[in-house]
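In what follows, a structure is listed as structure tokens, so that the remarks can point back to it.
Hydrogens, waters and symmetry mates are skipped; everything else that's a heavy atom, side chains included, is used. Worth saying up front: this structure is predicted, and the values here are computed from it rather than measured. Within every chain, numbering begins at 1; the chains are lettered A, B, ... in the order of the sequence lines, protein sequences first and strands thereafter.
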2 protein chains.
Amino acid sequence: MPIIKSKDQNTSPTGRVRKKNQSIILKAAEQDFLAHGFKGASIKGIAERAGIPRANVHYYYKNKEAIYSDILLEILSLWDSSIITSTEEPAKVLGDYILAKVMYSKTNPEASRIFASEFIHGAPRLQHYLQTSFKTWIDEVKTTIEGWIKLGKMDDIDPLYLLFTIWGATQHYADFSPQVTAAMNKDKLTNEDFEQVAKTLTQIILKGCGITK
Amino acid sequence: MPIIKSKDQNTSPTGRVRKKNQSIILKAAEQDFLAHGFKGASIKGIAERAGIPRANVHYYYKNKEAIYSDILLEILSLWDSSIITSTEEPAKVLGDYILAKVMYSKTNPEASRIFASEFIHGAPRLQHYLQTSFKTWIDEVKTTIEGWIKLGKMDDIDPLYLLFTIWGATQHYADFSPQVTAAMNKDKLTNEDFEQVAKTLTQIILKGCGITK
DNA sequence: AAATAAGCTGACACCAGTGTCAAGTAATAA
DNA sequence: TTATTACTTGACACTGGTGTCAGCTTATTT
């Protein structure tokens, strides 16, 4: 999986062309994976999207798995970057988090969908992540929220169910976009729509958890 | 798409074998689509899962699309079967609906995932559904909820955002199952887990919408 | 118990995608 | 400016999947 990563670091000050081409390939690949799923995507298709011969793609990436790994890594680094800190008040922390998640759905719908697709198919490539950084992240958040509950700042609600609710509700706008737009009679949600989503969802969640700001 | 459907109806009292075999094929296909996505699934793979020669699958279904259509139709018929009626009180109606959705995630996780996968990839095969029965369903529900709001039975919340929240939060347990189980340190959610999910979610949503039963 | 229809399947010709390699061209370092 | 390394690409041999058909067997009807 880190085949290319290591190459990047080892090869001296060279690699301008490499960097440029890899980025072209990755962008094309993201589109292809999105359109056809992991199994359905093909190096042939990726090469065509990227506008370069297939053999050239093979020069940079051994196979489809290698490309996909690179993409997943990038997505993961984005995904849990929004951090919940324990120093602020729950209303502020959760509100910020919900807004961040909604805006992530708006700004990175492709990433969200690839991520979702991976889970739908059993997340075979995310086992390590789920056992390590994801778990520590979860534990931190759990502790924080349990602290709020102990201090009477919110109702006694299982922190995990709260998180799942936020994730599900926010990611829905990226992952089920055709359903959302059909229901709303729109081609595409606007910036204001997303802001309204964040506002409404924050309202429901905060009030629903008994958080009074 | 209805190629087989019509055959079923036209052919006299025969079709016992046909019915049995189609059901075997559909079950195998569901597994294969789930494992590999639409593009990644193959008639070869489906035939192997079903334990019959590939040519025999072709005898019943012209191609992959035909099989997939049959599966999607079945899933759709399940999906919007839970109806929101206007005669009951909001707390009861929404509580029942949330419970039904959570239990659907538990009982039909495969269907939920196939459905999600379809949307993630742009829902090319659901355009007609989204423009017809889905839309009328949405309109009914919108009217009902707006009625509640006018009567002061709940806060002024956009009915669509409320629905999306419920859908996202409930479907999350089927679609992101590996993430959920990892977070909960379990292999599989139990019946009690799902009941607890429904209870917690109902609590958050009802309170969050200002519904006092 | 024939006759007819439904179901089954191996084999065939075909198309799409893979990965590698050798022989080139462009870029960079000495 | 030449030597070296990076990059490019057409061609090849191969694997996996498709759809059809002819000839067979099993059900069903008369």
Exercise. For B/K142, does its backbone N or O pair with a side-chain atom of B/D139 as donor and acceptor, under 3.5 Å?
Worked result: no
For this session: Check for a donor-acceptor pair, side chain of B/T136 on one end and backbone N or O of B/S133 on the other, with a separation under 3.5 Å.
Result: yes
Exercise. Nearest to the side chain of A/S42 - C/dT9, C/dG17, D/dT8?
Worked result: C/dG17
Exercise. The side chain of B/N63 lies closest to which of these nucleotides: C/dG17, D/dT9, D/dG19?
Worked result: D/dG19
Give the rounded distance in Å between these two atoms: [atom1] of [X] and [atom2] of [N].
| X | N | atom1 | atom2 | result |
| --- | --- | --- | --- | --- |
| B/N56 | C/dG10 | CG | P | 10 Å |
| B/I67 | D/dT18 | CD1 | P | 9 Å |
| A/K20 | C/dA27 | NZ | C1' | 12 Å |
| A/K44 | C/dG19 | NZ | P | 15 Å |
| B/K19 | C/dA6 | NZ | P | 15 Å |
| B/K64 | D/dG17 | NZ | P | 10 Å |
| A/H58 | C/dT18 | NE2 | P | 6 Å |
| A/R16 | D/dT5 | CZ | P | 19 Å |

For this session: Remember a base hit wins even if backbone is also touched, and classify A/I43 as base, sugar-phosphate or nothing at under 4.0 Å, heavy atoms.
Result: sugar-phosphate
Exercise. Can you give the dot-bracket line for DNA chain C, where a pair is Watson-Crick or G-U wobble with both atom distances under 3.5 Å, crossing pairs use [ ], and | marks a partner on another strand?
Worked result: ||||||||||||||||||||||||||||||
Exercise. Where each residue is assigned the nucleotide of DNA chain C containing its nearest heavy atom, which of A/G40 and A/A55 is assigned the position nearer the 5′ end?
Worked result: A/G40
Would you say [X] reaches [N]'s phosphate, i.e. side-chain N/O to OP1/OP2 under 4.0 Å?
| X | N | result |
| --- | --- | --- |
| B/Y60 | C/dC8 | yes |
| B/Y61 | D/dG19 | no |
| A/N21 | D/dT8 | yes |
| B/Y59 | C/dG7 | yes |

Exercise. Is A/R54 side chain donor-acceptor paired with the C/dG19 base, going by distance under 3.5 Å alone?
Worked result: yes
Problem set entry | Greater than 12 external heavy atoms within 6.0 Å of B/K207's NZ | yes
Problem set entry | Sole residue of A/L189, A/N191, A/T190, A/V197 in side chain to side chain contact (heavy atoms under 4.5 Å, CB included) with A/K106 | A/N191
For this session: Tell me, with the steps shown, if B/Q203 and A/Y161 meet side chain to side chain donor-acceptor pair (under 3.5 Å).
Result: CA-CA 11 Å; B/Q203 180 189 339; A/Y161 294 156; over 6 Å; no
Exercise. Looking only at side chains, do A/Y173 and A/D193 share a donor and an acceptor under 3.5 Å apart?
Worked result: no
Exercise. Side-chain donor-acceptor pair under 3.5 Å between B/S112 and B/D175, yes or no?
Worked result: yes
